[in-house]
Amino acid sequence: MKGYYIYCAFSMMLALYVYDNHSAVSLFLLIVLFIFQWLQCPRKVVITSALLSVLCVYLLAETNKHNKTVLLTESSSFTGEISSVPHSDGDKLTFKFTVQNEEVMAFYKLKTLEEKQQLEKLTIHQVCQLAGQLTSPSPARNLHAFDYQQYLYHQSIHWQLNVKRLDLVKCQLPTLTPLTYLTFIRQKGINYIQQNMSDPGAGFMQALIYGERTGIAEESIKRYQQFGLIHLLAISGLHVGLLTAMCFYLLIRIGITRERAITLLLLLLPVYMVLAGGSASVVRAVFMSMLMLISIKIQRKILLVDSISLAFIAMLLFKPYYLFDVGFQLSFAVSFALILSSQTILPRFHSSFSQLMVVSAIAQVSSLPLLLYYFYGVSLLSLPLNMVFVPLFSLVILPLCLLILFVRILLPGVSELLEQILHVLLLFCEKLLGSFEWIPAGFVTGKPHIVLFLGMYLCIYALFVALEEGEFFVRYMFLLVALLAAQCMYPYLNPKGTVTMVDVGQGDCFIIELPYRKGVYMIDTGGTVSFPKEPWQKRRSSFDVGEDVLVPFLHSKGITRVDKMIITHGDYDHAGAAQHLFSQVAVGELVLGKKAELNDVENGLVIAAQKQSVPVQIVQQGDSWQEGGVLFQIISPTGFEETSNNGSIVIDAKLGNLRWLFTGDLEKEGEQRILKDFPNLKADVLKVGHHGSKTSTSEEFVQHLNPKVALVSAGQKNRYGHPHQEILELLKSYGVYIYRTDEDGGVMYEFTKKSGTFSQQLP
């Protein structure tokens with residue numbers, strides 16, 4: 001089987017995807033792979049691949065079968081064990097809590113600074129009595145959005161526990177087993193760094209030594225993500241390999257024999273795996289390091305490709321859900337590429353600089369399809385910056401972090417100079433990255449179709465093979481670029497357009513994409529209302545509709561430019577996210593309604609638009625524009641409305657053979673005026689005014705428009721009670737089909753010139 005385990009690994013992967021996603025593409029590839037193995041490999045390889053694939057599918061089926069909850073929603077009192085390091089962020093405390101042998105995600109809102117200081121003494125493995133309410137985790141509420149429910153399901157977590165009462169006095173630490181003691185030591189180590197080190201050094205030391213990133217400032221995390229450097233803040237194979245080599249060297253230097261040093265490292269590596277958090281990348285790195293040490297000890301060489309393949313196989317057999325972890329996929333994709341090229345491609349480059357450049361290029365190319373699939377784009381500066389930051393972190397910052405911790409524990413007074421050096425280095429990194437932020441290096445492609453995704457990997461495989469064999473590889477590079485270009489150009493060749501009611505919580509946001517991407521229009525942006533907080537209550541990262549919902553949604557569809565950003569009126573739940581969008585996407589024009597005086601939110605938008613050189617257009621009743629054969633007419637405001645809601649921009653348009661009326665927060669008085677000014681106005685699709693409030697959508701308005709579909713944008717369990725029951729009953733009495741974001745999530749209408757279909761995100 002030497003050199004053939006990689007076929008077993010790929011067979012298992014494809015078999016799992018066939019079973020879990022019922023993917024015809026994966027099934028086709030699996031059949032092709034088995035035919036190839038039958039023709040090219042020894043029969044024992046084919047048999048082993050088949051048996052492992054069946055076993056892995058069986059294990060996944062059994063895991064799914066037993067991945068059920070035993071808890072009841074009616075429960076309000078819970079006794080269990082804290083099973084993760086409690087994390088305090090502002091006034092929010094988060095930890096995993098095991099009750100009746102089932103884990104839940106627990107959240108507790110801290111009431112006072114004194115309570116926060118007291119509960120920071122909570123430790124992992126304490127047994128506590130809690131009072132609270134179980135709620136279901138949120139699924140993906142918009143197209144391509146992060147599915148938190150599925151993410152927790154793959155950790156066998158089915159509930160969120162909203163804790164109402166938590167008393168430290170009722171928490172006790174039981175007798176610890178060796179394994180639980182290690183996780184307890186991990187928390188102590190994280191807390192020690194936090195209490196004895198200043199930022200930013202503390203956060204980076206926690207990340208690089210214990211795999212805990214929560215101590216790093218959110219701005220730094222986003223900056224490293226922006227430039228494709230976030231992997232430096234995780235414990236990787238290079239990280240574990242360097243640490244193993246350093247420990248091996250030190251053990252030899254202090255007089256321990258080579259054989260005993262290897263034995264000691266084999267015992268210590270699993271310990272470090274637990275101390276480092278046990279993420280997929282850490283488990284892979286530790287497993288591979290142990291295999292290589294074993295091969296040295298028994299004097300029987302294990303090929304690197306076999307080492308990583310065996311790690312892949314062992315992890316999937318232990319936990320099939322690993323396959324659906326993004327970190328697992330990226331870690332193995334890059335590692336496989338580097339290992340497969342290490343024997344043939346890298347030896348051709350002799351200087352350290354050229355080898356570093358090639359390694360960085362291979363890592364970037366091998367991870368490209370996955371980055372596009374999950375994050376919809378990459379930074380063009382990622383490759384050159386990785387060439388600078390990888391050696392800096394691996395050879396300087398990581399050893400310095402380890403040395404500081406070692407020296408601080410043994411000689412506390414001596415570590416100050418080292419800490420200052422680390423502080424200067426990290427600030428240098430921040431300033432260096434900050435100096436590149438003005439460069440528009442982001443390359444957004446949208447989420448590639450699975451066929452295009454697989455085509456990219458086949459092209460990358462052919463590219464590496466050509467490099468190994470010394471053939472002309474430019475053709476494959478050209479093909480890869482062509483596939484990327486096809487992904488970027490597809491929207492401009494697509495004859496279908498869409499209207500999407502984005503679920504932004506309690507607010508409004510509609511995104512219209514015309515066929516062939518003749519125009520992209522955003523009607524309102526939603527917005528998160530924030531309330532004043534004391535310094536201790538402020539969180540590292542607060543939810544923002546623009547950053548957390550709209551930008552990912554736009555990028556998933558490959559949208560980097562909004563031709564018109566139409567703000568119906570200046571309420572925060574319609575315009576609050578607009579300023580953030582100015583810095584993330586190009587805006588062709590900001591459109592506001594005519595009125596006697598703009599409010600503070602609208603004035604802020606005008607200032608932000610001017611800074612970005614975005615023209616501002618003021619529209620009123622009678623204005624219109626036409627694009628791609630679609631006429632958009634402004635039927636309100638007149639500019640003389642007495643209230644902000646009735647001053648909303650109201651738009652009439654025909655999209656996909658349906659007449660649409662977008663009403664903002666128009667109320668009954670405004671509806672009456674519109675009916676008077678436009679007596680022949682009809683609408684097949686009505687955007688219900690003011691989130692379904694009873695101050696809007698009069699019976700006369702509904703009767704006159706005679707809509708077939710009503711769209712209601714309202715937040716889940718919002719405090720206003722939107723949409724009001726009487727409005728829903730009114731619409732139903734006229735046979736109107738209702739879509740609402742609080743129950744259906746995002747709603748999309750896909751259309752051509754003559755027809756269209758509605759779909760909703762939530763079943």
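Along the sequence shown, residues are numbered consecutively beginning with 1.
In this structure, the side chain of Ser367 does not engage the main chain of Val334 through any donor-acceptor pair within 3.5 Å. In this structure, Lys447 contributes its side chain and Lys557 its backbone to no donor-acceptor pair below 3.5 Å. Side chain of Gln760 to backbone of Leu762: a donor-acceptor contact under 3.5 angstrom is found. Using modelled atom types, one side-chain atom of Arg141 and one backbone atom of Asp742 make a donor-acceptor pair closer than 3.5 Å. Between the side chain of Gln487 and the backbone N or O of Leu452, no donor-acceptor pair lies under 3.5 Å. The backbone N or O of Gly507 sits less than 3.5 Å from a side-chain atom of Ser713, completing a donor-acceptor pair. One N or O on the side chain of Ser556 and one on the backbone of Phe553 form a donor-acceptor pair closer than 3.5 Å. Looking only at distances, no side-chain donor or acceptor of Thr63 sits under 3.5 Å from a matching main-chain atom of Lys319. Side-chain N or O atoms of Asp325 include one that pairs as donor or acceptor with a backbone N or O of Gly327 at under 3.5 Å. Asn494 places a side-chain N or O within 3.5 Å of a backbone atom of Lys496 that can act as its donor or acceptor partner.
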Discussion item. Run the side chain to side chain contact (heavy atoms under 4.5 Å, CB included) test on Lys96 and Ile157 for me, step by step, so that the C-alpha distance in whole Å, both residues' side-chain angles and the decisive distance to 0.1 Å come before the verdict.
Written reply: CA-CA 9 Å; Lys96 291 179 182 178; Ile157 297 176; 4.0 Å; yes

Item to complete: Step by step, work out the side chain to side chain contact (heavy atoms under 4.5 Å, CB included) result for Glu547 and Lys222.
Response: CA-CA 11 Å; Glu547 181 177 0; Lys222 291 175 182 176; 2.6 Å; yes

Worksheet item: Yes or no on side chain to side chain contact (heavy atoms under 4.5 Å, CB included) for Thr525 and Met565, after CA distance, side-chain angles and deciding distance?
Response: CA-CA 8 Å; Thr525 66; Met565 181 185 288; 4.3 Å; yes

Discussion item. Evaluate Phe204 against Ile397 for side chain to side chain contact (heavy atoms under 4.5 Å, CB included), listing each step before the verdict.
Written reply: CA-CA 9 Å; Phe204 280 82; Ile397 292 179; 5.7 Å; no

Practice prompt. Any chance you could lay out the side chain to side chain donor-acceptor pair (under 3.5 Å) test for Ser220 and Glu430, step after step, and finish with the verdict?
Written response: CA-CA 7 Å; Ser220 297; Glu430 290 285 340; 2.6 Å; yes

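Of all heavy-atom pairs between Leu232 and Leu208, the closest is O-CD2, 3.2 Å. Heavy atoms only, all atoms of each residue included: Ser366 and Ala363 are closest at OG-O, 3.1 Å. The two residues Ile649 and Ile567 have their closest heavy-atom pair at CD1-O, 3.5 Å. Ala140 approaches Ala145 most closely through the heavy-atom pair CB-O, 3.5 Å. The two residues Pro552 and Asp548 have their closest heavy-atom pair at CG-O, 3.7 Å. Considering every non-hydrogen atom in both Gln506 and Asp573, the closest pair reads O-CB, 3.3 Å.
A donor and an acceptor atom, one from each side chain of Asn64 and Tyr321, are located under 3.5 Å apart. For the residue pair Asp147 / Tyr153, no side-chain donor-acceptor distance below 3.5 Å is found, with atom types taken as modelled. Under the 3.5 Å distance criterion, with hydrogens and angles disregarded, no donor-acceptor pair is assigned to the side chains of Asp544 and Thr528. Side-chain contact check for Asn67 and His158: at least one donor-acceptor pair (N or O, by modelled atom type) lies under 3.5 Å. Between Ser138 and Gln149, the side chains place no donor N or O within less than 3.5 Å of an acceptor N or O (distance only, hydrogens not considered).
Using bins of under 30°, 30° to 60° and over 60° for the plane-to-plane angle, the ring pair Phe146/Tyr151 lands in the tilted bin. Ring orientation note: the planes of Phe328 and Tyr322 are close to parallel, at an angle under 30° on the 30°/60° scale. Using cut-offs of 30° and 60° for the angle between ring planes, the Tyr373 and Phe453 rings count as tilted.
Here Ser379 contributes atom OG and Gln225 contributes atom CD; the two are 12.5 Å apart, rounded to the nearest 0.5 Å. Within the model, atoms CG of Leu581 and CG of Leu605 stand 10.0 Å from one another, a figure rounded to the nearest 0.5 Å. To the nearest 0.5 Å, atoms OG1 (Thr445) and CG (Leu372) are separated by 4.0 Å. Rounding to the nearest 0.5 Å gives a distance of 8.5 Å between CE of Met501 and CG of Asp508. Note that CD of Gln761 is 6.0 Å distant from CG of Leu143, once rounded to the nearest 0.5 Å. Here NE2 of His87 is found 5.5 Å from CZ of Arg540. Values are rounded to the nearest 0.5 Å.
Partner of Tyr476 under the side chain to side chain contact (heavy atoms under 4.5 Å, CB included) criterion, chosen from Leu463, Ile460, Val465: Leu463. Partner Cys509 forms a side chain to side chain contact (heavy atoms under 4.5 Å, CB included) with one of Asn142, Asp503, Val502 and no other, that one being Val502.
No side-chain heavy atom of Arg561 sits less than 4.5 Å from a side-chain heavy atom of Val520. Two residues are said to be in side-chain contact when any heavy atoms from C-beta on lie closer than 4.5 Å; Val326 and Leu370 fail this criterion. Annotation: side chain of Gln617 is not in contact with side chain of Leu592 (no heavy-atom distance under 4.5 Å). Side chains of Ile6 and Phe336 form a contact here, defined as non-hydrogen atoms less than 4.5 Å apart. Contact of the His555 side chain with the Ile559 side chain is not registered, since no non-hydrogen atoms from C-beta on lie closer than 4.5 Å.
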Indicate every side-chain donor-acceptor pair of residues 382-394 with a distance under 3.5 Å to a residue at least two apart or in another chain.
unit_1, atom_1, unit_2, atom_2, d
Ser382, OG, Gln364, OE1, 2.7
Ser382, OG, Gln364, NE2, 3.4
Ser382, OG, Asn386, ND2, 3.1
Asn386, OD1, His231, NE2, 2.6
Asn386, ND2, Gly228, O, 3.4
Asn386, ND2, Ser382, O, 2.7
Ser394, OG, Val390, O, 2.8

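The neighbour count for Phe28 CZ, taken as heavy atoms of other residues, nucleotides or ligands under 6.0 Å away, does not exceed 12.
Aromatic rings of Phe632 and Tyr521 (six-membered ring for Trp) have centroids within the 6.0 Å cut-off, being under it. Taking the ring centroids of Tyr457 and Tyr461, they lie at or beyond the 6.0 Å cut-off. No close placement of the Tyr749 and Phe510 rings is indicated, their centers lying 6.0 Å or farther apart. Taking the six-membered ring wherever Trp is involved, the centroid distance between the rings of Trp660 and Phe662 falls below 6.0 Å. Taking the ring centroids of Tyr516 and Tyr492, they lie at or beyond the 6.0 Å cut-off.
Trp159 meets the ring pair (Phe, Tyr, Trp, His ring centres under 6.0 Å) test with no other residue; sequence neighbours excluded.
Taking 4.0 Å as the cut-off between side-chain N and carboxylate O, Arg740 and Glu743 count as a salt-bridged pair. Electrostatic pairing of Arg539 and Glu218 does not count as a salt bridge here, judged by no charged N lying under 4.0 Å from a carboxylate O. Under the 4.0 Å criterion applied to side-chain N and carboxylate O atoms, Glu513 and Lys518 are not assigned as salt-bridge partners.
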